[in-house]
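To find a chain, count down the sequence lines: A is the first, B the second, and so on, and within it residues start at 1.
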Protein chains: 2
Amino acid sequence: MIANTPPPPYYAVIFSSLRTEVDEGYEKTSDRMFELAAQQPGFLGVESARNELGITVSYWESLEAIHNWKQNAEHTLARNTGREKWYTLFKTRICRVERDYGFEKKVIGH
Amino acid sequence: MIANTPPPPYYAVIFSSLRTEVDEGYEKTSDRMFELAAQQPGFLGVESARNELGITVSYWESLEAIHNWKQNAEHTLARNTGREKWYTLFKTRICRVERDYGFEKKVIGH
């Protein structure tokens, strides 16, 4: 659920969006894009959450991997449909992850 | 709701987390941290969403601004309480935003 990324540096694409009220095809296409992204060379993982605002962060080995995913024909078609139907507003940010650290609660006892 | 950030480069802190079932003080502290972060030098904006997974992305002018926010005493106390009570798992990623682009639906007519 939290992406199991390698040590930095690697890259992140932060996609922040607000939806329209049009659901037609949205969930199916969204599921398909997660499936398809995971098959791309250089894909490292993805995390996603939505309340009113949706945030999806995908992680990649290189800028080239991000570029290639953007060129994918099925992904391009989905993005075009997204602009036409599903999103009122979005912002995409391409980032280089410089540093990361984590925490996991230890279960004590037994 | 989507942060109105300036042209890149700038910095992002991606905080991905899974919660415990302990709610004690969580919402109040979370609200306070949003309020306090917004008062820090170099703060550019924040976006947040949660289903099971929570993702909060804060945006900053510089690594120094991120460092100073991490040193803030009230923030440090909140992070310690987070580890003790509210989170089973989290990952923090410090990123340099290299490029961004957006979309806003145009309302046609009238």
Scored by heavy-atom pairs under 4.5 Å with chain A, the best of L89(B), T88(B), T92(B), N51(B) is T92(B)

If two hydrophobic side chains count as joined below 4.5 Å and joins carry through other members, does L53(A) share a cluster with Y59(B)?
-> yes

Sub-6.0 Å ring centroid separation between Y10(A) and W60(A) | no

In terms of heavy-atom pairs under 4.5 Å, which option from Y87(A), F15(A), Y11(A), F90(A) contacts chain B the most?
-> F90(A)

Scored by heavy-atom pairs under 4.5 Å with chain A, the best of R99(B), E104(B), E52(B) is R99(B)

Just give me the residue among K105(B), R96(B), E98(B), R93(B) that pairs up with chain A most often, heavy atom to heavy atom, under 4.5 Å.
-> R93(B)

Would you indicate whether the side-chain heavy atoms of N72(B) and L36(B) approach each other to under 4.5 Å?
-> yes

Name the region of S48(A), side chain, backbone, both or neither, that has any atom closer than 4.5 Å to a heavy atom of chain B.
-> backbone

Looking at T20(B), L63(B), T5(B), T56(B), which one has more heavy-atom pairs under 4.5 Å with chain A than the rest?
-> T5(B)

So if you build clusters from Ile, Leu, Val, Met, Phe, Trp, Tyr with side-chain heavy-atom gaps below 4.5 Å, do L44(A) and I2(A) land together?
-> yes

Which region of E84(A), side chain (C-beta onward) or backbone (N, CA, C, O), has a non-hydrogen atom less than 4.5 Å from a non-hydrogen atom of chain B, or is it both or neither?
-> backbone

If you draw the axis of the six-membered ring of F103(A), does the NZ or CZ of R79(B) fall within 45° of it and under 6.0 Å from the ring centre?
-> no

Name the region of I14(A), side chain, backbone, both or neither, that has any atom closer than 4.5 Å to a heavy atom of chain B.
-> side chain

So, do W69(B) and V13(B) sit near enough that their side-chain heavy atoms are less than 4.5 Å apart?
-> no

